[in-house]
Amino acid sequence: FLKGRVVGVADGDTLTLLDAEQQQHIIRLDGIDAPEKAQPFGQASKRHLSDLAFGRDATAECPKVDRYKRHVCRITVDDADLCLEQLRAGLAWVFTKYAHELTAQRRADYTDAEQTARTEQRALWRDAEPMPPWEWRHRQR
């Protein structure tokens, strides 16, 4: 576990945590993929995550490190799972490529949250066919 204060929010699924030793940790939220900044709802996703976390104390449960050397973590602020909150707001997708790495309970919670946001047409689900960020990134290459 990492504990610290959120001192930066890069986008809707990446933030910076400053621990008690003043060490910065770049953290990628586990199990979700938020729109890229240039995509529709990318800025809204970043703003929502910032509203939830910036300047606040957080706990990070980090099962792995990604190829960019970022910790991949479930982050909680005041017992709220930030990944789940991004999904509930309609500002992220369940990252299906990595969903098998989540616990069965988290996978179910995340899938339910995304489905509810879709049904209620929250944020990015207002678009008829929102493009998942992994497809958007692939097209940019």
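Here, residue 1 is the first one in the sequence, and each next residue gets the next number. Quick caveat, the model's predicted, so the values are computed rather than measured.
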Counting only N and O atoms by type, is there a donor-acceptor contact under 3.5 Å from the side chain of [X] to the main-chain atoms of [Y]?
{"X": "Q86", "Y": "G12", "answer": "yes"}
{"X": "T59", "Y": "T76", "answer": "no"}
{"X": "E114", "Y": "V94", "answer": "yes"}

- Should the heavy atoms of other residues, nucleotides or ligands under 6.0 Å from NE2 of H100 be counted, would the total exceed 12? yes
- State whether the number of non-hydrogen atoms from other residues, nucleotides or ligands found under 6.0 Å of K3 atom NZ is greater than 12. no
Within a strict 4.5 Å, meaning less than it, do heavy atoms of the [X] and [Y] side chains meet?
{"X": "P130", "Y": "F41", "value": "no"}
{"X": "D33", "Y": "R137", "value": "yes"}
{"X": "D30", "Y": "E61", "value": "no"}
{"X": "Q43", "Y": "K46", "value": "yes"}
{"X": "K69", "Y": "I26", "value": "no"}
{"X": "Q140", "Y": "E36", "value": "no"}

- Message: Could you go through W93 and R118, starting from their C-alpha distance and side-chain angles, then the distance that decides it, and tell me whether this counts as side chain to side chain contact (heavy atoms under 4.5 Å, CB included)?
- Response: CA-CA 10 Å; W93 279 258; R118 280 178 188 250; 4.3 Å; yes
Separation of [Y] [atom2] from [X] [atom1] (nearest 0.5 Å):
{"X": "L91", "Y": "E85", "atom1": "CG", "atom2": "CD", "answer": "11.0 Å"}
{"X": "R122", "Y": "E120", "atom1": "CZ", "atom2": "CD", "answer": "4.0 Å"}
{"X": "L29", "Y": "L15", "atom1": "CG", "atom2": "CG", "answer": "5.5 Å"}
{"X": "D127", "Y": "Q121", "atom1": "CG", "atom2": "CD", "answer": "10.0 Å"}
{"X": "K64", "Y": "R28", "atom1": "NZ", "atom2": "CZ", "answer": "9.0 Å"}

- Task: Determine the interplanar angle of the W134 and F95 rings, folded into 0 to 90°, and report it as parallel if under 30°, tilted if 30 to 60°, perpendicular if over 60°.
- Result: parallel
- Message: Side-chain heavy atoms nearer than 4.5 Å, only ILVMFWY residues, links allowed to pass through others: does that put V72 and I27 together?
- Response: no
- ring-ring contact (aromatic ring centres under 6.0 Å, His included) pairs touching residues 67-89, sequence neighbours excluded, are H25-H71
- With I32, the side chain to side chain contact (heavy atoms under 4.5 Å, CB included) member among L102, L82, D13: D13
- Identify the two heavy atoms, one from L49 and one from D11, that lie closest to each other, and give their separation to 0.1 Å. CD2-O, 3.4 Å
- Item | With sequence neighbours excluded, residues passing ring-ring contact (aromatic ring centres under 6.0 Å, His included) with F54 | none
- Have D81 and Y110 got a donor and an acceptor in their side chains that come within less than 3.5 Å? yes
